[in-house]
Amino acid sequence: MSPIDHDSGDVLMRRIMWRIMPLLTAMMLLAVIDRSNVGYAKLQMVHSLGMSETAYGLASSLFFIGYSLFEVPSALAAHRYGARLWFARILITWGILTVLLAFTFSGSMFAAVRFLVGVAEAGAYPGIIFYLTLWFPKRYRVQAVALLTIGSPLGNMFGSLFGGALLDFDGMLGLAGWQWVFIVTGLPAIILMMVLLKYLPDGPATAGFLKPAEKTWLAQEQSRDDSAQTMHTNPLRVLIDPRVWWFSFVYTMITLALYGIIYWLPTVVKGFGTTGTQNGLLNALPWAVAAVVLIWLPRHLREHRTVLIGMALIALCGMAAFFTSTLLTQNWMRYVALAVGTPCISLLFPCFWYLPSQIFKGAHAAAAIAAISTIGSLGGFAAQNLMPWVAHWAGSPLAAMAVPAASLAVLVVSALVMLMTWRVAPGTGFTLTSVAATEAKRSQVLS
């Protein structure tokens, strides 16, 4: 029997969170800044490179194509070679390429480097999600993912503050404001790489800050959670698992809403007649609200029914806010509606990632989570092309907010479907009771 009791286990998990989560959250924060910087650079770069809004949207969205193509092999490499070295590789390559974006002087060159940034960053998020499963037993996992997710609104908040202000540096040292956006947002990833190499362990087994008894207790807690069957077959088998495709569809709706807002909200706020710095401040506020709520929310999401109910209510609130923003006539009213809807998207992430983390284990978990993130990231590609297209078609930048409103409406329905058709079966973990689950189990048996 483990010498560590329940209360001591809680203390240990808090210590682990304080030890590794700041590094992972910082990595998440920088990844979000790396994806949001194009929304601010666009406000000057479109004119500087002679690109249309639609062409710029397509070029910047190539990030998600590069990311998707290399997501699964990169996430599996993190599982095979260790998180510390692979995360460091990801950080330094995306940092260098982001800085290089500042020195692209044609639309085609910008598109090519943006694609390479996606290749460099591939595997970061699913690798981190899998890494968390090595450290945190099921009952602590929602809190860990929520702490990680705080990096998203914080990244958008700091990205907005710096992105808007850096546009006003236009002409400093002979560089345009949009060039400063890429330089300043790329350098921190290189710095974090050096910190991560020194302080992030590959897993509990190699963690010097854990005592042998603590490692034993953690291993026992993890083994109790591993009730779902672990698959050791070809990682590509995840592509015939219906559960993976369902999660991918739901995640696509979330990323469609998220990257639509990240990319297009600065354009909407610019239409209110703001300066670059004012634009950044107004964009930062909703993300700051999201970060605060993410500190409070996870303690109320410890069981699958509360997770799904919370997911449905949050998506419903966001849908109503974004749809309402397209109908209001006063700018301050529109901004309030957008400020209410924007945090809702960030709050969906800890709800969502709780679900696949319960049923996929071992190497199969790395492949499944990577596949979900890969397919779901195409929502970002769609968002950065749909937002300018809808705005052009409707003749108003604000009309593009119908895109995140529609995706959140689909999420409301999806959460309710999961709530009605899924159950936690004793001894089997979190399991679909539909035909899809039967087929998934059959594929495991055949493998």
Side-chain angles (χ1 to χ4, degrees), residues 12-36 67 71 74-79 81-95 120-159 185 188-210 218 222 258 287 290-291 294-295 297-298 301 346-347 349-354 356-357 365-366 369-370 372-373 377:
L12 172 61
M13 295 313 301
R14 283 196 294 269
R15 181 154 64 89
I16 290 174
M17 284 189 184
W18 278 107
R19 179 63 174 76
I20 68 171
M21 290 309 300
L23 293 172
L24 298 177
T25 303
M27 187 173 174
M28 180 68 181
L29 182 151
L30 295 182
V32 171
I33 291 177
D34 187 48
R35 300 180 187 196
S36 65
Y67 189 91
E71 180 87 315
S74 182
L76 290 174
H79 174 73
Y81 298 113
R84 185 174 64 91
L85 290 176
W86 198 252
F87 289 165
R89 194 283 305 161
I90 290 173
L91 282 165
I92 193 169
T93 51
W94 107 44
E121 192 181 319
Y125 192 64
I128 292 174
I129 293 296
F130 171 71
Y131 183 71
L132 293 180
T133 68
L134 302 179
W135 289 92
F136 298 102
K138 183 169 61 176
R139 67 178 182 272
Y140 300 100
R141 207 165 289 160
V142 173
Q143 184 178 1
V145 174
L147 289 174
L148 174 69
T149 307
I150 290 175
S152 177
L154 287 179
N156 283 308
M157 182 185 74
F158 287 119
T185 57
I190 301 173
I191 297 172
L192 181 61
M193 177 272 298
M194 295 183 285
V195 176
L196 185 145
L197 274 176
K198 183 171 183 177
Y199 293 107
L200 186 71
D202 281 322
T206 59
F209 66 92
L210 292 180
L218 188 57
Q222 294 284 45
L258 176 68
W287 301 115
L294 278 170
I295 297 174
L297 180 67
L301 299 175
S346 291
L347 300 182
F349 281 88
C351 298
F352 172 79
W353 283 114
Y354 172 89
S357 69
I369 292 172
I372 293 166
S373 182
S377 68

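Bear in mind that the values here come from a model prediction, so they are computed numbers and not experimental data.
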**Q.** Under 3.5 Å: donor-acceptor pair, side chain of W287, backbone of G155
**A.** no
Q) When you measure from the side chain of S346 to the backbone N and O of A290, does any donor-acceptor pair fall under 3.5 Å? A) no
Q. Any side-chain heavy atom of I33 sitting closer than 4.5 Å to one from N156?
A. no
(Q) Would you compute the distance between atom CG of L30 and atom OG1 of T185 and round it to the nearest 0.5 angstrom? (A) 9.5 Å
Q. Nearest heavy-atom pair of A120 and T93: which atoms, and what distance?
A. CB-OG1, 3.4 Å
Q: Report yes if some heavy atom in the side chain of L148 is under 4.5 Å from a heavy atom in the side chain of Y131; otherwise report no.
A: no
Q: Sequence neighbours left out, what passes side-chain hydrogen bond (donor to acceptor under 3.5 Å, both in side chains) with R15? Give chain and number order.
A: E214
Q) Looking at residues at least two apart in the chain, or sitting in another chain, which of them share a side chain to side chain contact (heavy atoms under 4.5 Å, CB included) with I92? A) I96, M193
Q) How would you list, by chain and number, every residue that makes a side chain to side chain contact (heavy atoms under 4.5 Å, CB included) with T25, sequence neighbours excluded? A) M21
Q | Exercise: identify the closest heavy-atom pair between G95 and A189 | A | CA-CB, 3.9 Å
Q: For S36, enumerate each residue passing the side-chain hydrogen bond (donor to acceptor under 3.5 Å, both in side chains) test, keeping only those at least two apart in sequence or located in another chain.
A: none
Q: Looking only at non-hydrogen atoms, find the nearest pair between S74 and I90 and report the distance.
A: OG-CD1, 4.1 Å
Q) Between Y125 and F349, how do the two ring planes meet: parallel, tilted or perpendicular, split at 30° and 60°? A) perpendicular
Q. Taking only residues two or more places apart in sequence or in another chain, which ones pass side-chain hydrogen bond (donor to acceptor under 3.5 Å, both in side chains) with R84?
A. none
Q: Please report the closest heavy-atom contact between E121 and D34, naming both atoms and the distance.
A: OE1-OD2, 2.8 Å
Q: With sequence neighbours excluded, tell me which residues meet side chain to side chain contact (heavy atoms under 4.5 Å, CB included) with S377.
A: F64, Y67, S68
**Q.** Between CG on residue L192 and CE on residue M27, distance to nearest 0.5 Å
**A.** 7.5 Å
Q | Shortest non-hydrogen contact from Y140 toward M17 | A | O-CE, 3.8 Å
Q: Answer yes or no: is there a side-chain heavy-atom contact under 4.5 Å between F87 and L23?
A: no
Q) Measuring from M194:CE to Y199:OH, what's the distance to the nearest 0.5 Å? A) 12.0 Å
Q: Mind running side chain to side chain contact (heavy atoms under 4.5 Å, CB included) on M13 and L218 for me, showing each step along the way?
A: CA-CA 9 Å; M13 295 313 301; L218 188 57; 4.0 Å; yes
(Q) With rounding to the nearest 0.5 angstrom, report the CG to CG distance, L134 to D202. (A) 9.5 Å
Q: Indicate the atoms forming the closest heavy-atom contact of L196 with A88, along with that distance.
A: CD2-N, 3.9 Å
Q.
Please report the interatomic distance CG(L24) to CG(L29), rounded to the nearest 0.5 Å.
A. 12.5 Å
Q) Once you round to the nearest 0.5 Å, how far does CG of L132 lie from CD1 of I16? A) 11.5 Å
